[in-house]
Visitor: 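Have a look at this one before I ask anything.
Please read all numbers here as calculations on a predicted model, not as lab measurements. By convention in this document, chain letters (A, B, ...) are assigned in the order of the sequence lines, proteins followed by strands, and residues within each chain are numbered from 1.
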Amino acid sequence: AQSVTQLGSHVSVSEGALVLLRCNYSSSVPPYLFWYVQYPNQGLQLLLKYTSAATLVKGINGFEAEFKKSETSFHLTKPSAHMSDAAEYFCAVSESSWGKFQFGAGTQVVVTP
Amino acid sequence: DTAVSQTPKYLVTQMGNDKSIKCEQNLGHDTMYWYKQDSKKFLKIMFSYNNKELIINETVPNRFSPKSPDKAHLNLHINSLELGDSAVYFCASRRDREGPNTEAFFGQGTRLTVV
């Protein structure tokens, strides 16, 4: 079964600093990878997804992620953190067109002034 | 227009009661899901329906019974509620005809508190 592992359950960054959230996947076939964000008391919103068209994927709100097959990773970055980036971030892998999304444990991002 | 809507948003009830959560999507998607998010934010799949047929049932107690009257609706009924059922329940939907890299759209969640 496919799975993802998020390293670090809690990340604290200063406003304006780089945000780096780590996600490693376990898959024997090409993975379908996603990053979602959850703001307090809200549902999950898609940040970006890997489509195999390009290894560097750009998403909303200035986020991007790089797919590295050799490292089985799909880390999420943002060059300059904003206070509004404080949220919970989830990496996910999908097994098939109608299959389930398997989520990582999530990483809470705290942004300090 | 809300893409995936759940009702109610908050639900507080006593142990032993029976309750239902409703979900509707207006995206024309074929697949719908129920996920449970625990107090540590961990998201676990409960059920998946594709074109009204149950596809995934992930080791969920049979007190939980999903029902999909049509492709746009997936409801969750819970019998004999227990304290451990307290969580946030998310409904999601997905278009399956465009390949496996299509994203799921999530509702706002239903926060269930069993007292």
Visitor: Within a 6.0 Å radius of atom NZ on B:Lys71, are there more than 12 heavy atoms belonging to other residues, nucleotides or ligands?
Guide: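 Yes.
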
Visitor: Hey, what do you get for CD (B:Glu103) to OG1 (A:Thr51), rounding to the nearest 0.5 Å?
Guide: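 Atom-to-atom, B:Glu103:CD and A:Thr51:OG1 are 11.0 Å apart.
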
Visitor: Give, as side chain, backbone, both or neither, the part of A:Gln38 having an atom under 4.5 angstrom from any heavy atom of chain B.
Guide: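 Contact with chain B involves the side chain of A:Gln38 alone.
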
Visitor: Look at the side chain of A:Tyr32 and the backbone N and O of B:Thr102, then say whether any donor-acceptor pair between them is shorter than 3.5 Å.
Guide: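 No, because the side chain of A:Tyr32 does not come within donor-acceptor range (under 3.5 Å) of the backbone of B:Thr102.
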
Visitor: Tell me, side chain or backbone of B:Tyr35 under 4.5 Å from chain A's heavy atoms, or both, or neither?
Guide: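 It is the side chain, since no backbone atom gets that close.
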
Visitor: Nearest 0.5 angstrom please: A:Leu33 CG to B:Asn101 CG, how far?
Guide: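 Spacing of CG (A:Leu33) from CG (B:Asn101) equals 10.5 Å.
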
Visitor: In the single-linkage hydrophobic clustering (I, L, V, M, F, W, Y; side-chain heavy atoms under 4.5 Å), do A:Leu56 and A:Phe63 co-cluster?
Guide: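 No, because A:Leu56 and A:Phe63 fall into different hydrophobic clusters, even though each may have its own neighbours under 4.5 Å.
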
Visitor: Return the CD to CZ distance between A:Gln45 and B:Phe106, rounded to the nearest 0.5 Å.
Guide: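 Output value for this atom pair is 12.0 Å.
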
Visitor: Using non-hydrogen atoms only, which part of A:Phe34 is less than 4.5 Å away from chain B: side chain, backbone, both, or neither?
Guide: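 Only the side chain of A:Phe34 comes within 4.5 Å of chain B.
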
Visitor: Where on A:Leu46 is there a heavy atom nearer than 4.5 Å to chain B: the side chain, the backbone, both, or neither?
Guide: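 Only the side chain of A:Leu46 comes within 4.5 Å of chain B.
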
Visitor: How close do A:Ser94 and B:Arg94 get, heavy atom to heavy atom, and via which atoms?
Guide: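 Reported closest heavy-atom pair: OG-NH2, 2.7 Å.
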
Visitor: With a 3.5 Å distance limit and no angle check, can you tell me whether B:Lys41 reaches the backbone of A:Ala105 through a side-chain donor-acceptor pair?
Guide: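 Pair absent, no side-chain N/O of B:Lys41 close to backbone of A:Ala105.
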
Visitor: Rounded to the nearest 0.5 Å, what's the gap from CD on A:Gln42 to CZ on B:Phe90? Could you check?
Guide: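 That separation rounds to 9.5 Å.
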
Visitor: Judged by atom type as modelled, is there a donor-acceptor pair below 3.5 Å linking the side chain of A:Tyr36 to the main-chain atoms of B:Ala104?
Guide: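 Present.
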
Visitor: Would you say A:Phe74 ends up clustered with A:Leu76 if hydrophobic residues are merged whenever their side chains have heavy atoms under 4.5 Å apart, either directly or through other cluster members?
Guide: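 Yes; A:Phe74 is reachable from A:Leu76 via cluster members.
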
Visitor: State plainly whether one hydrophobic cluster holds both B:Trp34 and B:Phe105, where clusters connect Ile, Leu, Val, Met, Phe, Trp and Tyr through side-chain heavy atoms under 4.5 angstrom apart.
Guide: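 No, B:Trp34 does not connect to B:Phe105 through the hydrophobic network.
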
Visitor: Is there a chain of hydrophobic side chains (I, L, V, M, F, W, Y, each step under 4.5 Å between heavy atoms) that links B:Ile56 to B:Met32?
Guide: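 They do not share one cluster, since no chain of ILVMFWY contacts under 4.5 Å joins B:Ile56 to B:Met32.
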
Visitor: Between B:Lys9 and A:Asn41, which heavy-atom pair has the shortest distance, and what is it?
Guide: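 Scanning both residues completely, I find the closest heavy atoms to be NZ-O, 3.6 Å.
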
Visitor: Say whether A:Val111 and A:Leu18 are linked into one hydrophobic cluster, either directly or through other cluster members, by side-chain heavy-atom distances under 4.5 angstrom.
Guide: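 No; tracing contacts between hydrophobic side chains, which count when under 4.5 Å, never links both residues.
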
Visitor: Look up atom CD in A:Glu88 and atom CD in B:Gln37, then write down how far apart they are to the nearest 0.5 Å.
Guide: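 Interatomic distance, A:Glu88 CD to B:Gln37 CD, rounded to 0.5 Å: 7.5 Å.
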
Visitor: At a 4.5 Å cut-off on heavy atoms, which part of B:Lys44 comes close to chain A: side chain, backbone, both, or neither?
Guide: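 Answer is neither: B:Lys44 stays 4.5 Å or more from chain A.
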
Visitor: Who among B:Glu58, B:Lys40, B:Gln6 has the most heavy-atom pairs with chain A under 4.5 Å?
Guide: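 Most heavy-atom pairs under 4.5 Å with chain A: B:Glu58.
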
Visitor: Go through the atoms of A:Phe90 and report whether side chain, backbone, both or neither lie under 4.5 Å from a heavy atom of chain B.
Guide: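 Answer is side chain: those atoms of A:Phe90 sit under 4.5 Å from chain B.
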
Visitor: Given the side-chain rings of A:Phe103 and B:Phe42, with only the six-membered ring counted for Trp, is the space between their centroids under 6.0 Å?
Guide: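 When the ring centroids of A:Phe103 and B:Phe42 are compared, they turn out to be at least 6.0 Å apart.
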
